Amino acid sequence: MSLPPPIDQTPAWRALAAHATATRNRHMREQFAKDPARFDKLSFRCGNLLLDLSRQRIDDETVELLLDLARAADVEGWRDRMLRGEPINTTENRAALHTALRLPAGGNLTVDGTDIAALVHGELQRMGEIIAAVREGTWRGITEKPFKSVVAMGIGGSDLGPRMALEALTADQLPGIDIHFVSNVDGTDIARTLAKCEAETTLFVIASKTFTTQETMTNAETARSWLQEKLGPGIIDWPRHFLGLSANTGVPGKFGIRPEQVLQFWDWVGGRYSLWSAIGFPIALGIGMDKFREMLDGAHAMDRHFATTPLNENLPVLMALAGVWNVNFLGSPALAVLPYDQGLSKLAPYLQQADMESNGKGVDRWGRPLGYATGPIVFGEPGTNGQHAFYQLLHQGPEVIACDFIAPLKSRYPIGRHHDMLLANVFAQAEALMRGRTRAEAEAELRAAGADDATVAQLAPHKVFPGNWPSTTILLPQVDPYHLGMLIALYEHKIFVQGAIWSVNSFDQWGVELGKQLAKPILEELTDASIQHPHDSATSGLIALARSQPRS
Ligand code: G6Q
């Protein structure tokens, strides 16, 4: 089989590189002044979600050239292969079918003779039954008291999605059960959480695709010991306090979890794409099954849009292309995710994993080293908090940091003028990054404030903003389950399209393996002082230091 040329050696890539050079000195300020319809031309909709790309450093020609690049990378072909359930995760020989998790009931998807939609809806039905049993108190703890606390234990993809979504949807949460999350193997995490719970009324939800992850299994064992300690070491019915969420359904039984207390998902659901599956149990428990299904419906609406809309109006495609333009042609190393909604405070950590674990790769899907940058460094904080912290570097730092501003038009907690103030800030930030402030404007402002010539000369350089920094604005009607589903699916598909263009496998994560592997012998050495494995002098020195100190 002859391999396609690396994407940076295609005519489409070269045309973009030439275009970037030719337009280097163009300022968006002038482009807005020249074309009053710029916002209308470069903002796009899917239902009530608006994606404004008019503050990206692009014009009609850039968009055309980027669409050529998408065609050269066969984005539509890869999209269709993904949606059909082909094993596009080639290093693990798996499909990436998270879109199937949001198919409506009766949806049609058969892969290798299996009715995938029926599988998914069967498990959703079981999830609904378990949630009803917990909420209605027909499933109780050993002492017959109904559950009041649920502790969800998982890490990475088995933690970040439910944590993010539940935080986003506090306005939808049903009373009666407190939901906690424990992920870190640092005992602080579980100790602090258990201090808030009573053993008799606590249900532990062990979320792990493999059910072998060291951190999660260690936390689950500690939870089991805690129960036994609190409720009597002889209790044999402790499994009543455990629910498993796993794709490796044989293994929870080895831990002691009963088969009827395991919700299943499948190897074709990647960890960081799994909040729509059984891993979403804490979300569904928190907001109720109907609203969880609304979240799936919102994601499905974005899936339909992604699958059927021409590339030049396709939100995930256009958003991805703007990102590729920033990373590869404007040299932007980072993407700031800036939600103007306190509920979305966990969105940046969630997208950090979704984006950086998917596309932070060094070889293409055929194993060839990449000659170009891939995933940006993703970071962020809710506005306006970030404005009073790191935005300084966004406005006046030397590098192009692309920004995604995300804002709901309506607050779930409307109070006085709070929301108008929030919106005023997000709109102003995007305007400021685009416009900047020239030296002449800075001087004029200082003079108008009464500064003398010496002060003007001294301060003006510090008050100049280059502007022309790219940002995307995403507006939602409000952060409710449906629109949260749309938003997350938008990002998932954006990441997928970028991975397709960069020719990487966005669904494996070999980069997390080496550290895990090396931790095993070190743990042996920390546990048993007679063991000594060979290391570099730094690692050996640190191990020796730790061994010489009391650690408990
Ligand atoms: C996500 C990654 C990773 C994974 C965790 C937890 O895409 O694969 O973050 O989710 O390592 O794995 P388990 O669910 O198997 O415990």
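Nothing here was measured: the structure is a model prediction, and the numbers come from that model. Just so you know, ligand 1 is whichever comes first in the structure, and atom 1 is the first atom listed for that ligand. Values below: all heavy atoms of this structure, side chains included; hydrogens, waters and symmetry mates excluded.
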For E86, enumerate each residue passing the salt bridge (charged side-chain N to carboxylate O under 4.0 Å, His left out) test, keeping only those at least two apart in sequence or located in another chain.
R84
So for ligand 1, is [X] a polar contact partner (N or O within less than 3.5 Å, distance only)?
X	answer
T210	yes
G157	yes
S208	yes

Could you tell me how the ring of [X] sits relative to the ring of [Y]: parallel (under 30°), tilted (30 to 60°) or perpendicular (over 60°)?
X	Y	answer
Y273	H98	parallel
W266	W268	parallel
F306	H493	parallel

Hey, which atoms in ligand 1 end up nearer than 4.0 Å to a heavy atom of [X]?
X	answer
T213	12 (O), 13 (P), 15 (O), 16 (O)
Q509	7 (O), 8 (O)
G271	1 (C), 7 (O), 10 (O)
G156	9 (O)
S158	10 (O), 13 (P), 14 (O)

Using side-chain heavy atoms (C-beta onward) and a distance below 4.5 Å, is I488 in contact with Y350?
yes
Under 4.5 Å between any side-chain heavy atoms of P239 and I257, yes or no?
no
Among all protein heavy atoms, pick the one closest to atom 1 (C) of ligand 1 and tell me residue, atom and distance.
E357 OE1, 3.1 Å
Return the residue, atom name and 0.1 Å-rounded distance of the protein heavy atom closest to atom 5 (C) of ligand 1.
I155 O, 3.5 Å
CG (D536) with more than 12 external heavy atoms under 6.0 Å
yes
Heavy atoms of the protein only: does one fall short of 4.0 Å from atom 11 (O) of ligand 1?
no
Contact check, Q353 vs ligand 1, heavy-atom distance below 4.0 Å
yes
Does E492 pair with R102 as a salt bridge, N-O distance under 4.0 Å?
yes
